[in-house]
Amino acid sequence: MINSSDLTLSAIGTDIKRKSADTLVLGVLKTDGKATVVASPFTSETTSSLEQSLTALGATGKADEVTLLPGVEGSKVKVLLVIGLGVAELAELTNEQLRRAAGSAARQLSNAKTAIFALPSDSVERVAAIAEGIALGSYRYENHRSTKSEKPVLAEAQIVTSVATSKDLPALLKRAAVLGRAVRATRDLINAPANVLYPESFATAVKDYSKSLPLKVTVLDEKRLAKDGFGGLLGVGGGSVRQPRLVKVEYSPAKATKHIALIGKGITFDTGGTSLKPAAGMHAMKSDMSGAAAVFQTVAAVAELGLNIKVTAWLCLAENMPGGASTRPGDVLTMFGGKTVEVLNTDAEGRLVMADGLAAASLEKPDVMIDIATLTGAQMLALGLRTAGIMGESQVTKDLVAVSDQVGELAWPMPLPEELRPSIESQVADLANIGERMGGMMTAAVFLNEFVGEVDGKKIPWAHIDFAGPAFNEGSAWGYTPKNGTGSQVRTLVAYAEQLAAN
Ligand code: BES
Ligand code: MN
Ligand code: ZN
C-alpha cells in the first residue's frame with residue numbers, strides 16, 4: 001500500500017563542470033516580464049545566451065513555469081530544466097517560494113533518474129528548502145496500473161551550494177528526506193482506493209510499516225470496541241461489512257518529559273451512510289481518511305528523527321456505508337466515556353468517530369491533544385481549497401498557526417463561538433451531531449470540544465485542524481503539491497513536535 005521509493009539528497013560545491021546527471025535544474029526570476037537566470041553555475045556569456053533562448057521561447061519566470069533547453073558549454077548534463085521562481089528579485093524569495101520552485105521542478109522532471117539542482121542556495125536554510133521541495137515534489141502513484149511508466153522516478157538529487165561543507169547540512173538533509181518520505185507515504189494511503197484500504201487493511205499497513213521503527217501499535221477490533229463502549233466508531237462503521245478499528249501508534253522514548261496525542265479521522269470511505277451523498281464527485285471520499293494517514297506518518301517521522309518527545313497517534317478508522325445495519329437518523333449512540341449523541345444526519349460521521357478518539361486519548365492525560373480531520377464542506381466555503389482551519393484552545397491554536405506558517409503550509413485560526421453551542425442540543429440525548437449550518441466548520445469543532453477531557457479539573461490543551469480542502473487536490477498540481485492526496489499538515493505536526501521537544 002505504501003510504496004514511497006527512495007530518494008538520495010546530497011549537497012555539492014559550485015564547480016559542476018565534471019558532474020553528470022540526467023537533468024540540470026536552473027531557476028529564473030520574473031524580471032519585467034523576462035526570465036533572468038540566478039545562481040547560474042555558468043560563465044556570464046553562457047548565461048546570457050541562455051537568457052536569449054528563454055526570451056525567444058516566451059519564458060517569463062512565473063511560478064511553476066518550466067522551459068526545457070539542451071545542455072550548454074560548462075556542463076556534461078544534456079538537458080536543462082528551467083523553473084520559474086515567481087519573484088522579481090532574489091532578496092524577495094521566501095523559503096516557501098524556493099521550496100515550491102524546487103518541488104515544481106522535481107515534479108515536472110519527466111525522464112530523469114538523477115538531477116542536479118542549481119537554485120539560489122546561499123544559506124543552509126535555503127538548501128534545506130530546496131531539499132524539502134525536491135523530496136515533496138518527486139512523487140508518482142501508479143500502484144494500480146497493470147503497466148508501469150517506463151520513465152524513471154527521481155532517485156538521486158544533488159544540490160549545488162556554496163555552503164556544501166556546512167556542518168549543519170547533514171541533519172537538515174536527513175530531515176528533508178524523512179519529511180518527504182512521510183508526506184509521500186501519506187499520499188499513498190490517501191490515494192489507495194477504498195476497496196483496497198479499509199479499516200482492517202489500514203491497520204495491517206500500519207503494523208507492517210511500523211515494524212522497522214521504534215513504534216508500538218495496538219489495534220482494537222470491532223469486538224473490543226463493543227466491549228469498551230466505542231459507540232461513535234461502531235455507530236458509523238457498523239453498517240459496513242468492513243468493520244471499524246481504533247489503531248493506537250505510540251512513540252515513547254525513555255527520556256521524554258512531554259506527551260502529544262494526535263487524533264486522526266480515518267473514514268476509509270464516506271458515502272454519507274443512510275443520509276446518502278449525491279453520486280457526483282463521491283469517489284473523492286476515499287480521501288476521508290487523510291487525518292488518520294497524517295497522524296500515523298507524523299508519529300513515524302518523529303520516531304525516525306528520534307525526537308525526545310512522546311507522541312501517540314490515534315487512528316479512528318471506519319467505513320461510512322448505507323445498509324441494513326447502518327445508523328438511522330434519530331438513532332442515539334453512547335460514545336466512549338458515556339455521553340450520548342442523537343445522530344440527526346449520518347453524513348456528519350467524522351465528529352462521531354473523532355469524539356471516541358478524543359475521549360480515549362484524554363484518559364492518558366497528554367500535555368496537548370491535536371486532532372485533524374477532513375471534517376466539513378464548510379471548511380472549504382470558509383477558507384478555500386488550500387487553507388486549513390485551526391480552532392480550539394487559544395495557545396495551541398496560535399502555536400500551530402505559527403508553525404504552519406514556518407513550514408509553508410497554509411492555515412488560519414478560526415474561533416469557537418459560544419453562541420453555536422445551543423445549536424447542538426438534542427431533544428432526546430446529551431448532544432446532537434449537527435447544529436447551526438452557518439459557520440459549520442466551527443459548529444463541528446464546538447461538538448468535538450465536548451469530548452476533550454480534563455486533568456485535575458483543567459481542560460487538556462487542544463486544537464482541531466479541519467483540512468477538508470487541503471487534504472485532497474482535485475485541481476491541477478502546483479509547486480510540490482500533486483493532484484489527489486497531498487500529504488498536507490504532516491510537516492506542520494512534525495514541526496510542532498520538534499518545537500515542543502526543544503522547549
Ligand atoms: N467528509 C465530509 C466532509 C468533506 C466534504 C470533506 C467534502 C472533503 C470534501 C464530512 O463527513 C461531511 O459529510 N460533512 C458534512 C457535515 C454536515 C452533514 C453537517 C458536510 O460538510 O456537508
Ligand atoms: Mn460525511
Ligand atoms: Zn466524512
Side-chain angles (χ1 to χ4, degrees), residues 190-191 194 197-199 202 232-233 235-237 239-240 242 244 263-294 315-322 326-331 333 341-357 371-389 414 420 423-424 426 431-448 464-475 483-486 488-489:
I190 298 170
N191 292 333
L197 189 82
Y198 45 91
F202 197 155
L233 278 156
V236 172
S240 168
R242 317 285 206 190
I263 301 96
K265 173 176 173 182
I267 300 298
T268 55
F269 198 79
D270 182 10
T271 64
T274 311
S275 316
L276 194 63
K277 284 182 184 297
M282 203 204 273
H283 62 274
M285 282 299 115
K286 72 174 183 180
S287 67
D288 212 19
M289 36 52 70
S290 298
L315 285 62
C316 306
L317 308 179
E319 185 178 54
N320 190 21
M321 293 286 275
S326 299
T327 295
R328 295 149 287 257
D331 283 3
L333 305 175
V341 176
E342 184 188 11
V343 179
L344 291 176
N345 187 323
T346 64
D347 198 12
E349 84 298 339
R351 62 197 76 183
L352 299 172
V353 300
M354 295 298 277
D356 273 357
D371 82 75
I372 171 160
T374 47
L375 205 60
T376 64
Q379 179 276 319
M380 295 180 274
L381 295 174
L383 292 170
L385 294 173
R386 293 184 183 179
T387 304
M414 297 296 283
L420 293 176
S423 78
I424 55 168
S426 157
L431 293 165
N433 80 326
I434 55 170
E436 174 59 54
R437 242 167 49 80
M438 296 297 163
M441 166 170 55
M442 281 105 75
T443 307
V446 166
F447 179 91
L448 294 180
H464 159 63
I465 305 176
D466 192 340
F467 71 150
F472 196 72
N473 176 19
E474 294 191 69
K483 274 173 95 67
N484 302 323
T486 63
S488 167
Q489 303 304 314

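Atoms within a ligand are numbered from 1 in the order they appear, just like the ligands themselves.
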With heavy atoms under 4.0 Å as the rule, classify the contact between [X] and ligand 1 as side chain, backbone, both or neither.
| X | value |
| --- | --- |
| R351 | side chain |
| D270 | side chain |
| T443 | neither |

**Asked** Any N or O on K277 sitting closer than 3.5 Å to an N or O of ligand 1?
**Response** yes
Output yes when the distance from some N or O of ligand 1 to some N or O of G377 is under 3.5 Å, and no in every other case.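 Such a contact does occur with ligand 1.
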With the Zn ion (ligand 3) at the center, what angle do OD2 from D270 and OE2 from E349 span, rounded to 10 degrees?
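Rounded to 10°, it measures 90°.
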the protein heavy atom lying closest to atom 8 (C) of ligand 1 turns out to be M285 CE, 3.5 Å
query: Which residue and non-hydrogen atom of the protein lie closest to atom 15 (C) of ligand 1, and at what distance in Å?
result: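 I find the closest protein heavy atom is D347 O, 4.0 Å.
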So, is D347 placed with an N/O/S atom under 2.8 Å from the Mn ion (ligand 2), counting both backbone and side chain? yes
By number and element, which atoms of ligand 1 are closer than 4.0 Å to a non-hydrogen atom of [X]?
| X | result |
| --- | --- |
| A468 | 6 (C), 8 (C) |
| K265 | 1 (N), 10 (C), 11 (O) |
| E349 | 11 (O) |
| N345 | 18 (C) |
| I434 | 19 (C) |
| T374 | 1 (N), 2 (C), 3 (C), 6 (C) |

Next on the checklist: So is R437 touching ligand 1 or not, going by heavy atoms under 4.0 Å?
Outcome noted: no
With carbon and hydrogen excluded and only N/O/S kept, which atom of D270 is nearest the Mn ion (ligand 2)?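 Within D270, restricted to N, O or S, the Mn ion (ligand 2) is closest to atom OD2.
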Inset, instruction - Kindly give the atom name of the N, O or S atom of E349 closest to the Mn ion (ligand 2). - result: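 The Mn ion (ligand 2) is closest to the E349 atom OE1, counting only N, O or S.
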Please determine whether K265 has a backbone or side-chain N, O or S atom lying under 2.8 Å from the Zn ion (ligand 3).
yes
